[in-house]
Structure formats: C-alpha cells, structure tokens
Amino acid sequence: MSKTALITGVTGQDGAYLAKLLLEKGYEVSGLVARRSSDTRWRLRELGVEAEIRYLEGDLADACSIQRAVIKSKPQEIFNLGAQSFVGSSWDQPVTTGIVDGLGVTHLLEAIRQFSPETRFYQASTSEMFGLIQAERQDENTPFYPRSPYGVAKLYGHWITVNYRESFGLHASSGILFNHESPLRGIEFVTRKVTDAVARIKLGKQRELRLGNIDAKRDWGFAGDYVEAMWLMLQQEQADDYVVATGVTTTVRDMCQLAFEHVGLNYQDYVVIDPQFFRPAEVEVLLGNPAKAGRKLGWKPQTSLASLIQMMVEADLRRVGKE
C-alpha cells in the first residue's frame, strides 16, 4: 500500500519540491491550503504535480480545521511547512506570525496526539532561531537568540515539538534549515529579488536593484536538496532534530556578483543601497554545521551556490522574456 502524507504549505517552495519527491516515492499526498491564500499553485504546476495532490482546506491558525485535515487524510507522515515565512513581514505582522508559526504547530501536534498518535511529524524550524549567533558555526547544540518576530515564533514551534516528543512519545522531528533557495522562491526573498532583477536589467526592463545590508552572510543551499533531508528524518527509528546546511557562508554582495556575472554584467553598476531594506535587528552571519545530518541521515548537499544562482537566473530570464 502507498504511504500517506499531509503537507502544510504545499503551495510554497519547499512544499512543492517535497510533494514532487514524495509522489516519486509512491506516496499519496494531501496538501493543506488556506482559503486566504491567493493562487500559488504555479509552483506545483511548474513541477508537473498539481493534479496529483489532494487539496484540503484548512488554516494553521484554526485548530478545528487542522483536526479535520488530519482525520480526513489519515497521514502516516505530516510535514509542517506552512508559515508566515518572510522575516521582513514579521515586523509588520508580529501577531499573525506568532499565531501561524508558533501556535499553529501546537494545533498540529494536538491533532496528532488526539487523533493519530502513530503519525510521524516534521517541523520546519529555521536558522533564524540562532539570530545573534553564539558560536562561529551553528549546530544542534548552539544556543538560540532570535532577532525577529519570525525567529521568536519559530523558536516556540521548535520547542513545542521537542516538548510533545518528550511528553507524549510522538515521533516528532525538527529540521533546523539554513537558507535554501530555488527558481520557485518567492520574489520577496533576497536571492530571488536579485536573480529577477538581473534578468530584468539584462533584458532592458529595469535599471537598478535596491538592497539593504549586502554584507550580511548566509549559508545558502538548494531547496530541492533540502526536502530530501526532511523525508529522511521521518524514516529514522528515533525522532530527533537536525541542522540542514551547506557549511559555507557567503555575503549578499558576493551572491549579487555571481548573479550579475552570469549575464556578463558588473553588479556595482546596478546595486543601490537603500536604508528602507535594513532590518530593525540584523542577523549578520549564519553558518551551519550539518555534520549530524551527514552522519545519521547520510545526507549532504548536492548543489553549489554558483550552480543554484545560475539556475535561478536562467529561470528568471525565461519568465521575464515571456512577459
């Protein structure tokens, strides 16, 4: 018989790649879709899997709808990828971010505890929980110090997952994922903002790219690689938490250089520093240590940052060219 999985945030970047992966592995996949969402199924269409998913209406902010989704889908595995996931917006919507990214996790865990205690659960934690870093390289034992409402809300989601695992014996794991990007990334995220702008500038549809702190450093990987780690976590006999990262950190400035160079341009001719894009509290450096994921899951990243940025620029050149 096919395995069954429920993915919250199925229309997002990670949800789309994960849905494709699970379908390729023979799963029956259900996806939770919030009514307030606009049509974001374009990612699933682009990967050719939109018609293969069973869509269930529900909202992480509404415990009753979560319970119904769990009862209807009878999932052996739940992947909680749904969230208000843009750090910048969390300053403007701190309460919504807290409810969806924090309490929403509790709604899922309670539904599992009450109606489906054998279901295995994956929580999408984030490197933003490290925030003001307490170690040069961050691993599963590095203390957390979030620097945004998003990071704080995700930290609640992370610890409530640990709490339910230890209190009720649920198979509940968290993936502490560092930045992971793809051609399916939302335009509000800096990597996609850069690659989209590069395409528009190259094709004569834009003249400049306005950014904030381009000396911030991030550990960037490919989302298509990272969903494999999510799946592997739920195949383990024991639930646990894992850092998923490349172990390489790069500045936004250097990422811009890679993107512009791919189309034969100099980023310094087009990038403009705009104070409005600086965060109230900046996370200057993030650098993950994925040794545990490599050792216990057998996972390692397959895609270099240069290859990833080239992939994204090429996708945006095709998109902008069709406009």
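Computed from heavy atoms alone, side chains included, the values below leave out hydrogens, waters and symmetry copies.
In the model, Asp92 has no side-chain atom that pairs as donor or acceptor with a side-chain atom of Ser89 under 3.5 Å. For the 3.5 Å distance criterion, the side chains of Asp101 and Gln84 fail to qualify, holding no donor opposite an acceptor. Side-chain contact check for Gln123 and Thr161: no donor-acceptor pair (N or O, by modelled atom type) lies under 3.5 Å. No donor-acceptor contact under 3.5 angstrom links the side chains of Asp59 and Ser65, judged on distance only. Asp196 and Gln206 share no side-chain donor-acceptor pair at under 3.5 Å.
Hydrophobic clustering (side-chain heavy atoms under 4.5 Å, transitive across Ile, Leu, Val, Met, Phe, Trp, Tyr) keeps Ile176 apart from Leu132. Both Leu22 and Val33 are part of a single hydrophobic cluster, where members link through side-chain heavy atoms under 4.5 Å apart. No chain of hydrophobic side-chain contacts below 4.5 Å, direct or via other Ile, Leu, Val, Met, Phe, Trp or Tyr residues, connects Ile71 to Ile112. By the criterion of side-chain heavy atoms lying less than 4.5 angstrom apart, applied directly or through intervening Ile, Leu, Val, Met, Phe, Trp or Tyr residues, Leu211 is grouped together with Phe278 in one hydrophobic cluster. Each of Leu177 and Leu287 belongs to its own hydrophobic cluster when Ile, Leu, Val, Met, Phe, Trp and Tyr are linked at side-chain heavy-atom distances under 4.5 angstrom.
Ring geometry, Tyr122 versus Phe79: the interplanar angle falls from 30° to 60°, so the pair is classed tilted.
Within 6.0 Å of atom NZ in Lys300, 12 or fewer heavy atoms from other residues, nucleotides or ligands are found, so the atom counts as exposed in its surroundings. With a 6.0 Å radius and a threshold of 12 heavy atoms from other residues, nucleotides or ligands, Trp159 has its CH2 atom at or below the threshold. The number of heavy-atom neighbours closer than 6.0 Å to CD of Glu118, taken from other residues, nucleotides and ligands shown, is 12 or below. No more than 12 heavy-atom neighbours from other residues, nucleotides or ligands sit within 6.0 angstrom of NZ on Lys72. In this structure, Gln235 places its CD atom where more than 12 heavy-atom neighbours from other residues, nucleotides or ligands lie under 6.0 Å away. No more than 12 heavy-atom neighbours from other residues, nucleotides or ligands sit within 6.0 angstrom of NZ on Lys217.
Glu228 is not listed as a side-chain neighbour of Pro301, based on a closest heavy-atom distance of 4.5 Å or more. Within the 4.5 Å cutoff, the side chain of Gln236 has no heavy atoms near those of the Lys296 side chain.
Comment: Glu24 engages Lys20 in a salt bridge, judged by a side-chain N to carboxylate O separation of less than 4.0 angstrom. A salt bridge is absent between Arg147 and Glu284: the closest approach of a Lys/Arg side-chain nitrogen to an acidic carboxylate oxygen does not fall below 4.0 angstrom.
A side-chain donor-acceptor contact under 3.5 Å links Gln13 to the backbone of Ser182. For the pair Thr96 (side chain) and Gln93 (backbone), a donor-acceptor distance under 3.5 Å is absent. Side chain of Asp316 to main chain of Arg319: no donor-acceptor pair is present (N/O by atom type, distance under 3.5 Å, no hydrogens or angles). Remark: the backbone N or O of Val243 is paired with a side-chain donor or acceptor of Glu140 at under 3.5 angstrom. Checking side-chain atoms of Ser173 against main-chain N and O of Asp241 turns up no donor-acceptor pair under 3.5 Å. Using modelled atom types, one side-chain atom of Ser167 and one backbone atom of Asn163 make a donor-acceptor pair closer than 3.5 Å.
Closest of all the heavy-atom pairs between Asp219 and Ala245 is OD2-CB, 3.4 Å. The two residues Ser148 and Trp91 come nearest to each other via the heavy atoms CA-CZ2, 3.5 Å. Nearest heavy-atom pair across Ala199 and Val320 is CB-CG2, 4.0 Å.
Residues Tyr145 and Phe130 place their aromatic rings such that the two centres sit no closer than 6.0 Å.
Put simply, the residue from Tyr226, Phe222, Trp231 that forms a ring pair (Phe, Tyr, Trp, His ring centres under 6.0 Å) with Tyr17 is Phe222.
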